[in-house]
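As structure tokens, the structure follows; a few thoughts come after it.
Here the structure is a predicted model, which means the values were calculated and not measured. In what follows, every heavy atom counts, from backbone to side chain, and hydrogens, waters and symmetry copies are set aside.
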Amino acid sequence: MREGVIDQPKYQQLIETVLSDIEQGTLELGQQLPSISEWASRQGVAKVTVAKAYEDLRQRGIVRSQHGKGFYVASTNVRSSLNVLVIFDTLNAYKETLYDALKAALPDDSTLSVFFHHYNPAVFETLVRNNLGRFNAYVLMPHFDDDVSDIVALIPLEKLLLLDQTLPTLPGDYSAVYQDFEQDMYSALMAAFERLRRYDRLTLVLSKDRFQYVPAGLLRGLWRFSEDFGFACRVVDTYSTDLVKVGEVFLLFADRDLVSFLKDVDALGLILGEQVGLLSYDDTPMKEILAGGISVISTDFSQMGQTAGQLLANRQRAKIANPGGLTLRHSL
């Protein structure tokens, strides 16, 4: 996706045309709108597209239909302030970046309420159920190993936006700004291969003792890279000092594991970026300067927040893959 540009479906463009004409006074209260056939011909679209736009406007209370006569402007109050519920997994540095970009992309009169589920499905369900009907937009980060689509389905799809990943088992037309975890991991490791090949093996640490969520797609990308490039990889549940040996390169998710690793490297007298290597997942400003710079695999969280904000502000529904990649620094 080009920065700042989101392609709208035709029916949404028609909706925006009506809303804009009402806001500018071109269409007045009680005024008749063009017939479905007339507007379809004028815009060069299918009649079903115009009918979908009119039905959406009718459900919002903006237009009314009169049998045998057509559609009329029913309300000139076409824009309501956004009242957004945001449910993140947990608070960390990159989440602040995402939130700031989301907030900046929304209209000034928008209100955001932020909660955290801490990877607990019961907490997530309680937050969703207790806030049904209280907001006109719901932004959720569904980071769970279990399927939570039945909980998310409680929210009207036109008010829903998922962040960071989609839910394949959730049917219907909803918005999402997501990572392609498998392909992003594979592409990043492939881009890092010239540096990785200086080491004997890559160890990915799941950090299961840190309440860390690691999407299954990342592991699929890791194993695909290992097979295609013949590079030794392994996955371990938790980090421990005894894992650190010359010739090993690590992919760490939890910040506390990152700090522990750097302390162990220093205590063992090893040279980071030469005798041992380090990749971290998800970039933060601190990683740019820590230990001379930590190499990262990360999506662009500022872009993710901006795109989500644009979708909400424009009342659009779309699923958009967020850009991600590799940033090489001293640690690899």
Side-chain angles (χ1 to χ4, degrees), residues 89-90 92 94 119 143-147 164-165 178-284 286-287 290-299 324-332:
D89 50 7
T90 189
N92 50 36
Y94 74 80
Y119 311 110
H143 284 177
F144 300 98
D145 292 326
D146 299 327
D147 185 7
D164 215 36
Q165 67 180 51
Y178 64 94
Q179 297 189 57
D180 185 343
F181 290 108
E182 179 177 348
Q183 187 57 46
D184 287 351
M185 173 64 85
Y186 182 86
S187 298
L189 293 176
M190 183 172 61
F193 183 60
E194 286 305 311
R195 294 203 190 183
L196 287 173
R197 65 193 305 177
R198 296 184 298 183
Y199 304 94
D200 300 323
R201 180 173 59 183
L202 171 63
T203 297
L204 184 150
V205 181
L206 293 173
S207 307
K208 287 192 173 181
D209 59 336
R210 304 293 193 188
F211 301 102
Q212 180 68 47
Y213 174 72
V214 179
L218 293 179
L219 300 181
R220 291 195 297 269
L222 173 75
W223 295 126
R224 184 153 64 95
F225 166 79
S226 178
E227 181 177 351
D228 289 353
F229 286 80
F231 191 81
C233 296
R234 66 172 173 172
V235 176
V236 299
D237 287 344
T238 58
Y239 174 79
S240 61
T241 302
D242 62 289
L243 294 173
V244 184
K245 293 179 174 61
V246 173
E248 295 281 349
V249 57
F250 291 82
L251 175 52
L252 302 178
F253 289 81
D255 287 345
R256 282 177 289 181
D257 286 346
L258 174 64
V259 172
S260 295
F261 172 80
L262 293 175
K263 287 182 177 179
D264 288 338
V265 169
D266 184 62
L268 293 168
L270 299 175
I271 301 175
L272 182 64
E274 294 183 21
Q275 294 173 299
V276 291
L278 173 63
L279 279 166
S280 182
Y281 197 80
D282 292 331
D283 202 6
T284 65
M286 184 63 69
K287 292 176 185 177
L290 186 64
I294 304 299
S295 297
V296 294
I297 298 172
S298 183
T299 196
L326 170 75
T327 300
L328 288 172
R329 297 177 181 133
H330 171 72
S331 69
L332 189 62

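Contact annotation: the side chain of L189 approaches that of I297 to within less than 4.5 Å [non-hydrogen atoms, C-beta and beyond]. By the 4.5 Å heavy-atom criterion applied to side chains, D282 and F253 are not counted as neighbours.
Separating the CZ atom in R220 from the CE atom in M185 is a distance of 11.5 Å, to the nearest 0.5 Å. From Y281, atom OH reaches atom CZ of F181 across 5.0 Å, with rounding to the nearest 0.5 Å. Note that OH of Y213 is 13.0 Å distant from NZ of K208, once rounded to the nearest 0.5 Å. Rounded to the nearest 0.5 angstrom, T241 OG1 and L268 CG are separated by 7.5 Å. Taking OG1 of T327 as the start and CD1 of I294 as the end, the distance is 12.5 Å to the nearest 0.5 Å. For the atom pair CG of L206 and CG of L251, the computed distance is 9.5 Å after rounding to the nearest 0.5 Å.
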Would you check, one step at a time, whether the test side chain to side chain contact (heavy atoms under 4.5 Å, CB included) holds for E227 with W223?
CA-CA 6 Å; E227 181 177 351; W223 295 126; over 6 Å; no

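Pairing each heavy atom of F229 with each of M190, the nearest pair is CZ-CG, 3.3 Å. The minimum heavy-atom distance between H330 and L272, with the atom names listed, is NE2-O, 3.4 Å. Contact detail for D164 and Q179: the closest heavy-atom pair is OD1-NE2, 2.5 Å. Contact detail for L202 and L222: the closest heavy-atom pair is CD2-CD1, 3.6 Å. H143 approaches D89 most closely through the heavy-atom pair ND1-OD2, 2.7 Å. Taking each heavy atom of L243 and R234 in turn, the nearest pair found is CD2-NH2, 3.6 Å.
For the side chain to side chain contact (heavy atoms under 4.5 Å, CB included) with V276, the qualifying choice from V265, D264, L332 is V265, the only one to do so.
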Could you give the side-chain donor-acceptor pairs of residues 254-262 under 3.5 Å, partners two or more places apart or in another chain?
unit_1 : atom_1 : unit_2 : atom_2 : d
D257   : OD1    : R210   : NE     : 3.3
D257   : OD2    : S207   : OG     : 2.5
S260   : OG     : R256   : O      : 3.0

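Under the rule for a salt bridge (charged side-chain N to carboxylate O under 4.0 Å, His left out), the partners of R329 that lie at least two apart in sequence or sit in another chain are D283.
Of the possible donor and acceptor atoms, one in the side chain of Q275 sits under 3.5 Å from a partner among the backbone N and O of I271. Distance alone, capped at 3.5 Å, is enough to place a donor-acceptor pair between the S331 side chain and the S295 backbone.
A perpendicular orientation is assigned to the rings of Y186 and F225, their planes being inclined by more than 60° (bins at 30° and 60°).
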